[in-house]
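I have placed the structure first, in the form of structure tokens, so that the comments after it can refer back to it.
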Amino acid sequence: MSVFPRVPVPIPVSSASRFRGGLLSLSLLGLLSVGSACKPKPPSAGPPIFDDEFEHAGAELGSDYRNTAPPGVYTLTDGALAVRGAFNHPLWLARELPENAVIELDAWSDSPDGDIKVELFGDGQSYAKTVSYTSTGYVVIHGGWKNSLSALCRMDEHADDRRTRKDLKVVPGKRYHYVISRRGSRLEWFIDGELALDFEDPAPLTGPGHRYFGFNNWQTPVHFDNLRVRAL
């Protein structure tokens, strides 16, 4: 039997380039798919156990809330909750939160100073009695300190363990949708579907003294709407 030497068949440069380009494209598509799959998403939860669109028949907030601020600081205006100059006197929701919960709300400010603020898993009654104030729960601050810093804090909003970002500014007049969740030791804060900040708490704030949600404010006029609480 005759044996013929193997002769390599040349691949045209254009074909080889297309082949390599195809592999590269597939690799990029794979990486993009993995990246999309790993992208954090707001948690799924059950139906609301409490919701308020602030379309109250009268001007009163009613028994669902515990107001620690002077009269007129928190008001119902144009179908939303408006607040200005609360100076860390929260408006507490009088209903207890589930230990693992998702809290949704809309928030906005017409001021370039931003400073949108809420608390969760607090005691439902505390407020500032001096200029200094330490929360009894977690604090979410969007565009605080004259729109220079956003933060997710455990009790003390000035503590070293707070999670912060400088690029999350409040655009005056823009309406934001917040989803804030706590599952076990992990807290996550989403703004318009994107993860803004998260916090892993080795000693989660649970039990008596840590069961309530509150709207809060320092001085800037802000608005809130469409509050919903769900259990995880």
Side-chain angles (χ1 to χ4, degrees), residues 40 42-46 48-52 54 61 64-69 74 81 83 86 88-108 115-128 133-144 149-159 161-165 168 170 176-192 195-218 222-232:
S44 299
I49 58 176
F50 177 82
D51 67 87
D52 194 348
F54 297 102
L61 286 163
D64 285 325
Y65 297 94
R66 184 180 297 116
N67 187 5
T68 67
Y74 292 93
L81 176 66
V83 55
N88 283 327
H89 285 67
L91 176 70
W92 292 103
L93 179 64
R95 310 261 189 118
E96 290 188 359
L97 298 175
E99 186 169 308
N100 295 307
V102 176
I103 299 158
E104 296 184 54
L105 66 149
D106 297 330
W108 67 99
D115 203 16
I116 302 171
K117 183 176 184 178
V118 297
E119 300 186 32
L120 56 155
F121 298 105
D123 67 2
Q125 59 186 8
S126 289
Y127 57 91
Y133 171 70
T134 299
S135 170
T136 55
Y138 302 98
V139 186
V140 172
I141 303 171
H142 187 184
L149 194 73
S150 293
L152 177 54
C153 320
R154 185 187 189 277
M155 302 178 76
D156 183 357
E157 63 190 58
H158 301 280
D161 65 348
R162 65 184 182 173
R163 298 296 306 276
T164 63
R165 283 177 60 175
L168 290 175
V170 173
Y176 298 93
H177 183 68
Y178 296 166
V179 177
I180 311 164
S181 68
R182 197 261 295 275
R183 186 193 298 273
S185 61
R186 182 172 177 79
L187 286 93
E188 294 180 327
W189 171 27
F190 291 84
I191 301 178
D192 296 335
L195 182 63
L197 287 166
D198 57 11
F199 189 99
E200 191 71 32
D201 187 357
L205 301 175
T206 60
H210 303 294
R211 290 176 175 164
Y212 296 91
F213 169 82
F215 299 101
N216 205 348
N217 170 262
W218 179 243
V222 298
H223 307 268
F224 300 100
D225 204 358
N226 298 322
L227 173 66
R228 289 183 179 86
V229 178
R230 306 174 193 268
L232 268 177

Test side-chain contact (heavy atoms from CB on, under 4.5 Å) applied to Asp225 and Asp52, step by step:
CA-CA 8 Å; Asp225 204 358; Asp52 194 348; over 6 Å; no
Any chance CZ of Arg183 has more than 12 other-residue heavy atoms, nucleotides or ligands included, within less than 6.0 Å?
no
State the CG-CH2 distance between Asn88 and Trp218, to the nearest 0.5 angstrom.
6.0 Å
Val229 side chain reached by Asp51 side chain, heavy atoms, under 4.5 Å
no
Hey, is the main chain of Tyr212 close enough, under 3.5 Å, to the side chain of Asp123 for a donor-acceptor pair?
no
Can you measure from NE2 (His210) to OG1 (Thr136) and round to the nearest 0.5 angstrom?
7.0 Å
For Ser150 and Gly143, the nearest pair of non-hydrogen atoms, with its separation, is OG-N, 2.9 Å
Given side chains that start at C-beta, do those of Leu227 and Phe50 come closer than 4.5 Å, heavy atoms only?
yes
Atom CG of Leu152 and atom OG1 of Thr164: how far apart are they, to the nearest 0.5 Å?
10.0 Å
Which atoms form the tightest heavy-atom contact between Glu157 and Val139, and what is the distance?
OE1-CG1, 4.3 Å
Quick check against the 3.5 Å criterion: does Ser185 have a side-chain atom that pairs as donor or acceptor with the backbone of Pro202?
no
Would you call the rings of Phe121 and Tyr138 parallel, tilted or perpendicular, taking 30° and 60° as the class edges?
perpendicular
Counting C-beta onward and ignoring hydrogens, is there a side-chain heavy-atom pair between Leu187 and Ser181 closer than 4.5 Å?
no
Closest contact, heavy atoms only, Pro40 versus Leu195:
CG-CD2, 3.8 Å
Can you find a heavy atom in the side chain of Arg228 that is under 4.5 Å from one in the side chain of Leu105?
no
Check Ala45 against Leu232 and note the closest heavy-atom contact, atom names and distance.
CB-CD2, 4.2 Å
Show the nearest heavy-atom pair for residues Thr68 and Pro90, with the distance to one decimal.
OG1-O, 2.7 Å
Between Arg230 and Glu104, does any NZ, NE, NH1 or NH2 come within less than 4.0 Å of an OD or OE carboxylate oxygen?
yes
Ignoring hydrogens and angles, tell me if any N or O in the side chain of Asn217 forms a donor-acceptor pair with the backbone of Ala86 under 3.5 Å.
yes
Intermediate values then yes/no, side-chain contact (heavy atoms from CB on, under 4.5 Å), Asn216 and Val118:
CA-CA 5 Å; Asn216 205 348; Val118 297; over 6 Å; no
So do Arg163 and Trp189 actually touch side chain to side chain, heavy atoms under 4.5 Å?
no
Is it true that Arg211 and Glu99 have a side-chain N and a carboxylate O under 4.0 angstrom from each other?
no
Any side-chain heavy-atom pair of Val83 and Leu91 under 4.5 Å
no
Compare all side-chain heavy atoms of Leu197 with those of Val140 and state whether any distance is below 4.5 angstrom.
no
Look at Arg154 together with Asp161 and state whether they make a salt bridge at an N to O cut-off of under 4.0 Å.
no
May I ask you to check whether His89 and Tyr127 place their ring centers less than 6.0 Å from one another?
yes
side-chain contact (heavy atoms from CB on, under 4.5 Å) between Val170 and Ile116, worked out
CA-CA 8 Å; Val170 173; Ile116 302 171; 4.1 Å; yes
Can you give me the closest heavy-atom contact between Phe54 and Asn226, atom names plus distance?
CD1-N, 4.1 Å
Qualifying residue, where the test is ring-ring contact (aromatic ring centres under 6.0 Å, His included) with Phe224 and the options are Phe213, Trp108, Phe215:
Phe215
Checking Tyr178 against His142: is there a side-chain donor and acceptor pair closer than 3.5 Å?
yes
Side chains of His177 and Asp106: any donor to acceptor distance under 3.5 Å?
yes
So, taking the atom named CG in Asp64 and the one named CZ in Arg95, what distance separates them when rounded to the nearest 0.5 Å?
4.5 Å
Polar side-chain atom of Thr134 near backbone of Asp156 as donor-acceptor pair, under 3.5 Å:
no
Indicate yes or no: at least one non-hydrogen side-chain atom of Val179 is less than 4.5 angstrom from one of Val102.
yes
